[in-house]
Trainee: 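Before I ask anything, here is the structure I am working with.
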2 protein chains.
Amino acid sequence: MPTRKNAGPAVTPAASRRPRPSGGSASERRDHLVKLAAELFARKGFQATTVRQIADEAGILSGSLYHHFDSKETIVDEVLSTFLDDLVARYRAALEVGGTPREVLSEMVRIGFSTLEPHRAAITVMQNDWNYLLSLPGDRFAYLMKAEEEVERMWLEQIKAGQAAGEFRPDVDPKLTYRMIRDTIWVAVRWFRPGGRLNTTGLAEHYITMLFDGLATGERTSQQGS
Amino acid sequence: MPTRKNAGPAVTPAASRRPRPSGGSASERRDHLVKLAAELFARKGFQATTVRQIADEAGILSGSLYHHFDSKETIVDEVLSTFLDDLVARYRAALEVGGTPREVLSEMVRIGFSTLEPHRAAITVMQNDWNYLLSLPGDRFAYLMKAEEEVERMWLEQIKAGQAAGEFRPDVDPKLTYRMIRDTIWVAVRWFRPGGRLNTTGLAEHYITMLFDGLATGERTSQQGS
DNA sequence: GTCTATACGGCGATAGAC
DNA sequence: GTCTATCGCCGTATAGAC
């Protein structure tokens with residue numbers, strides 16, 4: 001079942017706005033075009049990708065694209081909202097399962113790295129064109145910030161819970177820590193390629209080790225309280 | 001003295017290509033234009049920034065820009081090469097000072113974060129437009145990869161030395177570890193703003209703690225050998 | 001060193017035939 | 001659902017006056 005799980009409401013407008021045809025064949029074509037466009041956006045950047053290039057890739061002319069989408073922005077909107085809906089749904093599910101803060105955070109790290117392969121293009125676009133899309137006139141891409149805020153709340157909750165339980169060191173800033181974790185995960189799309197020495201699972205476990213236990217061997221230093 | 005220290009040769013072509021006028025007044029104007037352009041590139045992206053906008057910002061017309069630069073690419077070239085020359089020179093200097101791997105790595109982390117403020121715009125451009133610039137026809141921006149490779153060698157050397165000395169855990173991958181450190185530092189330009197709770201020094205110390213000792217309190221887990 | 005004026009191409013998007 | 005044809009705009013860059 002490739003459609004949304006019922007773990008919560010859609011967080012992005014485009015996802016709920018999108019019509020759900022019965023046969024599915026009409027939207028398969030559309031989805032295919034979105035995938036092609038996403039690859040180009042990721043490789044060249046949103047603005048540097050022209051509607052003619054997208055159409056070329058699909059073997060049609062640029063004018064024909066406008067039978068499926070009313071603008072280039074609509075396409076990138078769909079790329080990003082599809083990814084964010086999936087991501088947020090999986091985070092919510094992980095929180096429902098529960099566990100110690102360390103267990104939940106580990107799972108959230110795994111979820112993040114596991115999206116690297118299926119959503120590589122979308123994550124790349126999100127990283128490179130986030131600021132530009134937010135700077136566009138109108139509120140069209142405001143949902144990007146909304147999604148980011150919900151995700152941040154979920155992470156912060158766990159980090160703070162871990163500190164309150166004495167599981168995490170009290171002398172680190174939760175927000176700062178969250179940002180560094182988040183960035184480390186997403187920025188990996190820049191260099192991660194499937195088929196390398198490590199798959200995304202190995203990547204996640206490597207990072208979980210570093211995150212919780214650090215690079216150093218031996219005794220810890222500067223373990224002073226808050 | 002704002003010019004290059006004699007800690008090594010320039011690593012970027014643009015830097016050595018650039019004429020060094022005696023009076024300095026002529027190049028001050030040029031440097032000013034580069035700074036204005038860098039801010040716009042950082043805010044809107046290289047491609048989305050037009051030469052007309054750059055000229056507007058400087059209070060001249062777009063045609064007049066071409067008295068100073070022969071193309072828009074030349075401007076971004078100068079933005080990036082100035083930053084990279086400074087960065088590489090400082091890394092080289094840190095390696096010359098020496099110390100234990102942990103000390104040297106800590107210093108390299110500090111150097112990285114300390115560039116966030118003076119080179120904020122350049123780092124942002126580097127992050128967002130790296131792929132696009134490398135994809136341009138010709139070898140013009142190939143020096144970006146050259147610089148990146150030299151920097152990677154410097155980091156890997158220290159990580160591996162630390163593992164050989166038993167200072168760092170042997171069960172992490174040096175290259176992977178380097179990439180994650182590098183990404184965590186640079187990606188901070190996305191959210192770091194001077195005047196917040198933490199300055200770049202505090203940021204660096206926070207990260208050094210996390211990097212070496214991790215988030216967890218208490219005993220370490222999974223300390224198996226290679 | 002800046003301005004005026006403009007060349008030239010490619011951009012996103014549209015209308016209507018098929 | 002795609003093509004043909006095209007509109008109007010804006011992009012980088014240039015030439016020559018001042």
Trainee: From dA13(D), dT2(C), dT2(D), pick the nucleotide closest to the side chain of Ser71(B)?
Mentor: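 Among dA13(D), dT2(C), dT2(D), the one nearest the side chain of Ser71(B) is dA13(D).
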
Trainee: Which residues pass the side chain to side chain donor-acceptor pair (under 3.5 Å) test with Glu73(B), not counting sequence neighbours?
Mentor: none

Trainee: Measure the distance from CD1 on Ile60(A) to C1' on dT4(D) and round it to the nearest whole Å.
Mentor: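 Taking atom C1' of dT4(D) as the reference, CD1 of Ile60(A) is at 14 Å.
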
Trainee: Under the side chain to side chain donor-acceptor pair (under 3.5 Å) test, which residues partner Arg193(B), sequence neighbours left out?
Mentor: none

Trainee: Show me the pairs that pass salt bridge (charged side-chain N to carboxylate O under 4.0 Å, His left out) and involve residues 40-65 of chain A, at least two apart or across chains.
Mentor: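 For residues 40-65 of chain A, and leaving out neighbouring residues, there are no salt bridge (charged side-chain N to carboxylate O under 4.0 Å, His left out) pairs at all.
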
Trainee: Mind calculating the distance between CD1 (Ile54(A)) and C1' (dT2(D)) to the nearest angstrom?
Mentor: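 The answer, rounded to whole Å, is 17 Å.
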
Trainee: Checking Asp77(A) now: which residues fulfil side chain to side chain donor-acceptor pair (under 3.5 Å) with it, not counting sequence neighbours?
Mentor: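 For Asp77(A), the residues satisfying side chain to side chain donor-acceptor pair (under 3.5 Å) (neighbours in sequence not counted) are Arg140(A), Tyr143(A).
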
Trainee: Under 3.5 Å, which donor-acceptor pairs do the side chains of residues 116-123 of chain B form with other protein atoms, sequence neighbours left out?
Mentor:
| from | atom 1 | to | atom 2 | distance (Å) |
| --- | --- | --- | --- | --- |
| His119(B) | NE2 | Asp86(B) | OD2 | 2.8 |
| Arg120(B) | NH2 | Glu39(B) | OE1 | 2.7 |

Trainee: Return the set of residues passing salt bridge (charged side-chain N to carboxylate O under 4.0 Å, His left out) with Lys175(A) (not counting sequence neighbours), or none when no residue passes.
Mentor: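 Residues passing salt bridge (charged side-chain N to carboxylate O under 4.0 Å, His left out) with Lys175(A): Glu152(A).
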
Trainee: For residues 43-73 of chain A, pull every pair meeting ring pair (Phe, Tyr, Trp, His ring centres under 6.0 Å), keeping only residues two or more places apart or in separate chains.
Mentor: Phe41(A)-Phe46(A)

Trainee: Whole angstroms only, please: what is the NE2-P distance between His68(A) and dC3(D)?
Mentor: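 About 10 Å, once rounded to whole Å.
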
Trainee: Quiz question: by atom type and distance under 3.5 Å, do the side chains of Arg18(B) and Ser81(B) form a donor-acceptor pair?
Mentor: yes

Trainee: OP1 or OP2 of dC3(D) sitting under 4.0 Å from any side-chain N/O of His67(A)?
Mentor: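 No.
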
Trainee: Name the pairs: protein N/O against N/O of nucleotides 7-11 of chain D, kept only if under 3.5 Å.
Mentor:
| from | atom 1 | to | atom 2 | distance (Å) |
| --- | --- | --- | --- | --- |
| dG11(D) | OP2 | Arg52(B) | NE | 3.3 |
| dG11(D) | N7 | Arg52(B) | NH2 | 2.6 |

Trainee: Quick one: salt bridge (charged side-chain N to carboxylate O under 4.0 Å, His left out) pairs with a partner in residues 196-211 of chain B, sequence neighbours left out?
Mentor: Asp173(A)-Arg197(B), Arg110(B)-Glu205(B)

Trainee: Check the angle between the aromatic planes of Trp155(A) and Tyr178(A) and answer parallel, tilted or perpendicular using the 30° and 60° thresholds.
Mentor: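 Trp155(A) vs Tyr178(A) ring planes: tilted.
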
Trainee: Compare side-chain N and O positions of Arg29(B) against OP1 and OP2 of dT2(C) and report whether any pair is under 4.0 Å apart.
Mentor: yes

Trainee: In residues 127-135 of chain A, which ones come under 4.0 Å of DNA chain C, going by heavy atoms?
Mentor: none

Trainee: With sequence neighbours excluded, what pairs up with Thr177(B) under the side-chain contact (heavy atoms from CB on, under 4.5 Å) test?
Mentor: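 In terms of side-chain contact (heavy atoms from CB on, under 4.5 Å), with neighbours along the sequence ignored, Thr177(B) is linked to His206(A), Met210(A), Leu215(A), Ile159(B), Val172(B), Ile181(B).
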
Trainee: Tell me what Leu61(B) touches on the nucleic acid: a base, only sugar-phosphate, or nothing, going by heavy atoms under 4.0 Å.
Mentor: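 Base contact.
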
Trainee: Round to the nearest Å and state the distance from Asp56(B) atom CG to dT2(C) atom P.
Mentor: 14 Å

Trainee: Show the distances under 3.5 angstrom between N or O atoms of the protein and N or O atoms of nucleotides 14-18 of chain D.
Mentor:
none

